[in-house]
Amino acid sequence: MSFQAKSTLVMLVALAVAYGWYGVTLLGLVGDNGVAEIRYQPLVFIVVVPLIVIATVGHIVISAFNPAEADSNDERDREIARRGSVVGGVVVSVAAIGSLFAAMAEFEHFWIAHLLLAGLVLAELADGTWRLVLYRRGV
Amino acid sequence: MGKPTKVTNRITELRTEHGLTQGELAAQIGVTRQTVNAIEQSKYSPSLEVAFLIAQVFGEPLEAVFSYGEDA
């Protein structure tokens, strides 16, 4: 597995753990008054901390195991990254359009914000997953 | 798993003849060892520039290293 493939895997794990925690924490805040009462705003920023910590530690570990290949990036890595970004771009576009319709339909801010956030996270997950598929299957 | 490219090559054979490891060839042409492995397995078609560099390392013309639509 190349350094970039391992890096992609680390980012997928970091995203899954951080936003898994976000989802569980958010569910714990749901009260009797509906989503309008949920103070989700601080969580949106706080979740970045575990994301960065896991990603940083993960990259230090994979670099330590093979220092010679740390940060190596060649034309195949760039082509795989480009194709992954295309998939991620589709996901984020769908979420953006969904959010637009949600705003026009006057949904709660909570739902519009989370549709956008879900789009961003799912786009990163789709991008990373597709990259791993391409590393395994070939380009 | 199937090969996603129809570009086949003789890199493994030529590398063995020249006594080079995948890592050594990779270092000479400026890609990762995993990319050389992917090219050898026809899981990745290199750019024209990398293809020429590979042929240059082996001192062969491009068409002696790579072919299209045939089994290597």
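Residue numbers start from 1 in every chain, and the chains themselves are labelled A, B, ... in the order their sequence lines are given, proteins ahead of strands. All heavy atoms count here, side chains included; hydrogens, waters and symmetry mates do not.
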Over all heavy atoms of both residues, which pair between B:T32 and A:D74 is shortest? Give the atoms and the distance, please. N-OD2, 2.9 Å

Verify same cluster id: A:W130, A:V10 (apolar side-chain graph, 4.5 Å): no

Decide whether A:L115 and A:L120 are clustered together by the hydrophobic rule: side chain heavy atoms of Ile, Leu, Val, Met, Phe, Trp, Tyr closer than 4.5 Å, transitively. no

Can you say whether A:E75 sits under 4.5 Å from chain B via the side chain, the backbone, both, or neither, judging by heavy atoms? both

For A:E106, look at atom CD and say whether over 12 heavy atoms of other residues, nucleotides or ligands are found less than 6.0 Å away. no

A:R137 backbone acceptor or donor facing B:K43 side chain under 3.5 Å: no

What distance do B:T35 atom OG1 and A:Q4 atom CD have between them, rounded to the nearest 0.5 Å? 10.0 Å

Run the side-chain donor-acceptor check on residues 87-102 of chain A: report pairs under 3.5 Å with partners two or more places apart or on a different chain.
unit_1: A:S93; atom_1: OG; unit_2: A:G89; atom_2: O; d: 2.7
unit_1: A:S99; atom_1: OG; unit_2: A:A95; atom_2: O; d: 2.7

With A:F65 via ring-ring contact (aromatic ring centres under 6.0 Å, His included) - residues at least two apart: none

Within the structure provided, determine whether A:R76 and B:Q34 are in side-chain contact (heavy-atom separation under 4.5 Å). yes

